[in-house]
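Below is one structure, written out as structure tokens; comments come after it.
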Number of protein chains: 2
Amino acid sequence: MPASPTLEDVARAAGVSRATVSRVINGIRNVDPMIQETVRQAIAETGYVPNRAARSLVTRRTGAIALIVSGAGEESGENPFHSQVFADPFFGRVASGVVGFLRPRGIHPILMFAETAEARAQVIAYLRQGNADGAVLVSTQAQDPLPRLLVDASLPAVLFARPAEPIPISYVDVAHRTGAKLAADHLVARGRRRVGTISGPLDVPASQDRLSGFRDAMAAHGYPYIPCVEGNFTLNSGEAAMERLLAEHPGLDGVFIANDLMAQGALPVLRHHGRRVPDDVAVVGFDDSSAATASRPPLTTIRHPVEDMAAEMARLLLAHVDDLDQPVTSIIFEPSLVIRDSA
Amino acid sequence: MPASPTLEDVARAAGVSRATVSRVINGIRNVDPMIQETVRQAIAETGYVPNRAARSLVTRRTGAIALIVSGAGEESGENPFHSQVFADPFFGRVASGVVGFLRPRGIHPILMFAETAEARAQVIAYLRQGNADGAVLVSTQAQDPLPRLLVDASLPAVLFARPAEPIPISYVDVAHRTGAKLAADHLVARGRRRVGTISGPLDVPASQDRLSGFRDAMAAHGYPYIPCVEGNFTLNSGEAAMERLLAEHPGLDGVFIANDLMAQGALPVLRHHGRRVPDDVAVVGFDDSSAATASRPPLTTIRHPVEDMAAEMARLLLAHVDDLDQPVTSIIFEPSLVIRDSA
DNA sequence: GCATGGCGGGAGAGCGCTCTCCAACGCTCT
DNA sequence: AGAGCGTTGGAGAGCGCTCTCCCGCCATGC
């Protein structure tokens with residue numbers, strides 16, 4: 001098999017110079033339409049494919065971006081961080097949104113995980129090597145050091161969700177408090193009077209906002225005390241939290257659960273304790289993830305447009321990559337209530 | 001901010017030539033230990049990071065590999081292929097295994113999807129551009145044209161699962177028939193006499209093998225007729241298939257379901273029809289995916305070491321990338337029975 | 001003593017591309 | 001008709017790295 005053809009080969013075949021072929025390929029400046037046609041034909045004939053490395057070398061752009069999942073998992077060889085990540089349908093939606101946006105632009109994300117200091121260092125080095133022009137980052141942890149590291153290395157990056165500490169970095173997020181209020185309003189409208197909630201880990205801003213937003217909204221309805229058990233967004237933690245909540249408050253007739261996966265875990269617990277959903281206990285989730293439709297009954301939940309948000313995150317990143325002085329921006333999306341059978 | 005330092009800068013700082021620095025970095029040939037030390041220090045001082053594009057240009061290696069998910073989804077703008085993929089926990093396990101193997105080697109997979117002819121062409125072009133040295137491929141479809149395209153373009157690639165048609169390409173797979181036999185033996189040992197099965201799509205070899213392996217094993221136990229309903233590996237299809245199987249064979253006391261996700265869908269259907277699991281109907285799944293533990297009751301299932309297989313797939317690929325004349329190999333893993341509560 | 005050979009290091013040629021210059025050309029305007 | 005200008009194509013200098021030569025040095029052998 002012959003070495004793959006270069007610009008030079010195409011130029012020779014078309015009877016023009018390398019520069020002209022390059023101009024045709026990159027659509028830069030005016031090139032005589034006749035010559036353009038000749039060149040295109042020569043490209044087709046030779047089966048020419050531009051060499052990305054050579055191009056990157058001179059443009060100092062790779063045209064690649066990294067999709068980083070960051071945060072701390074429970075360190076265990078049996079169940080490494082990256083495998084836990086895929087267990088959460090939320091991540092799949094983010095990835096899907098990112099891919100949906102990038103793919104039509106011919107770019108494909110590099111999948112990276114950063115759950116330890118070592119992994120973070122690897123990520124930074126990798127980006128600095130010029131393997132990618134920037135990164136979109138979804139963090140499962142509150143005090144994630146990675147955003148700071150990225151900013152310090154002046155690497156273009158965009159976060160999913162507001163960072164716990166103020167950092168000059170762009171992000172997309174959802175109005176968590178508004179979402180929680182929708183849940184509260186719905187439960188009250190359904191006549192629920194003894195409601196509790198299962199929150200996410202309370203060191204992450206999103207969890208805090210969902211909890212406080214829910215409590216504030218319930219307070220406005222005249223229910224100042226809302227019992228809460230903290231979970232950690234996994235199915236198992238939802239199960240455990242529901243168990244506890246029910247033990248402490250057997251009279252419960254409604255629950256707002258801070259994500260669908262925990263709600264999916266909670267439903268069988270309620271059933272096991274003889275509670276019918278939604279008749280005895282109404283359940284409202286959050287995310288409208290695949291867990292919502294996979295649950296039985298399907299979950300009434302707060303939808304936030306994760307895919308759109310992820311796409312926007314990718315769009316923002318490309319803007320930053322394109323213009324390094326692009327001002328830092330944050331874009332907040334509005335959630336909505338999706339009514340299914342659980343409430 | 002100054003441009004990032006180059007080899008030249010490091011060489012100057014260390015008072016040696018570019019070549020020597022390169023030798024130190026790549027650990028090639030003998031370099032005087034004293035000089036090595038000086039060079040390392042110079043690297044640290046300058047904060048030098050090698051430029052991958054420049055290196056790729058000359059080595060004709062990128063050090064990147066693609067993780068391709070291929071197959072045909074139901075085409076719909078609402079629910080694009082890539083989002084469906086993430087809904088299947090199986091994919092997450094493959095990705096996790098690949099990442100687990102590659103990450104310690106400093107390489108990170110590029111995530112790509114290839115569900116249409118256009119996407120496949122994009123994938124091939126992308127690889128030919130030298131964006132990645134090769135690809136590991138997990139296909140959700142039987143007659144996937146991509147393996148053939150990869151082989152024709154002489155791009156190193158390794159498949160997860162044997163291709164439907166014989167193609168000179170390396171792959172890893174599991175002994176599906178052995179797994180199905182384990183399920184059959186277990187159901188019979190549990191005293192089940194009227195068993196049925198829900199198969200995967202029958203155009204994929206894995207589904208065929210699981211079905212025929214199950215039937216053969218049951219026949220050996222003296223049950224020559226085993227009713228079967230075909231699903232397509234999704235939760236919803238498992239639900240529908242269970243519904244049909246139960247309607248046609250109400251006396252059923254055991255089911256072998258060709259993957260856990262369908263089994264997860266089937267369980268609520270059984271419950272809804274008043275069947276207790278495992279007392280009235282025993283259920284055995286396949287995969288030991290996260291769906292197995294997420295189901296209630298947790299599924300007795302056939303475990304195949306997907307992560308190990310994925311890691312092996314990555315290892316094979318690196319071997320092929322390293323030596324293009326590496327002979328085509330296939331590696332078959334043995335499944336095992338995991339007993340939980342459903343059978 | 002001189003040829004031999006191994007070893008450590010430098011010089012320099014590219015890898016394939018982009019992009020800045022510059023030359024050539026045809027047009028308008030004086 | 002010649003100056004001035006915009007347009008189009010070519011020449012060539014790198015981008016940062018690897019790797020093949022090659023050279024100088026010292027230990028060794030006759």
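Letters go in sequence order (proteins before strands), and every chain restarts at 1.
Side-chain nitrogen and oxygen atoms of B:S56 include none within less than 4.0 Å of the OP1 or OP2 phosphate oxygen of D:dC17. Taking only side-chain nitrogens and oxygens, B:T6 never comes nearer than 4.0 Å to OP1 or OP2 of D:dG16. Residue A:R60 has a polar side-chain atom (N or O) positioned under 4.0 Å from OP1 or OP2 of D:dG16.
Applying the side-chain contact (heavy atoms from CB on, under 4.5 Å) test to A:D322 and every residue at least two apart in sequence or in another chain returns A:R61. For A:R40, the salt bridge (charged side-chain N to carboxylate O under 4.0 Å, His left out) criterion is met by no residue, not counting sequence neighbours. The ring pair (Phe, Tyr, Trp, His ring centres under 6.0 Å) test applied to B:F160 returns B:F90, not counting sequence neighbours. Taking the salt bridge (charged side-chain N to carboxylate O under 4.0 Å, His left out) definition, one finds that B:R120 meets it with nothing, sequence neighbours left out.
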Review point. How does protein contact run along nucleotides 18-23 of chain D, one letter per nucleotide 5' to 3', with B for base contact, S for sugar-phosphate only, - for none, heavy atoms under 4.0 Å?
Key: BB-B--
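The CD1 atom of B:I43 sits 13 Å away from the C1' atom of D:dC17 (whole-angstrom rounding). Rounding to whole angstrom units, CD of residue B:Q36 and C1' of C:dC7 are separated by 14 Å. For the pair A:R61 CZ and D:dC15 P, the interatomic distance rounds to 18 Å; values are reported in whole Å. For the pair A:L57 CG and C:dG14 P, the computed distance is 17 Å after rounding to whole Å. Here the P atom of nucleotide C:dC15 and the CG atom of B:N51 are 18 Å apart, to the nearest Å.
Using a 4.0 Å cut-off between charged side-chain N and carboxylate O, A:R12 and A:E45 make no salt bridge.
Checking D:dG9, C:dC15, C:dG9 against every side-chain atom of A:I35, the shortest atom distance belongs to D:dG9.
B:F91 and A:F86 have perpendicular rings, their planes meeting at more than 60° on a 0 to 90° scale where under 30° would count as parallel.
Between A:I110 and B:P109, the closest side-chain pair of non-hydrogen atoms is not below 4.5 Å. Using a 4.5 Å heavy-atom threshold, the side chains of B:F113 and B:S70 count as separate. Side-chain contact between A:M313 and A:V98 is present, with at least one heavy-atom pair separated by less than 4.5 Å.
End-to-end axis angle for the helix from C:dG1-D:dC30 to C:dT30-D:dA1, using five pairs per end and rounding to 10°, comes out at 50°.
Along DNA chain C, the nucleotide nearest B:G15 and the nucleotide nearest A:E8 are compared for position; the residue whose nucleotide lies closer to the 5' end is B:G15.
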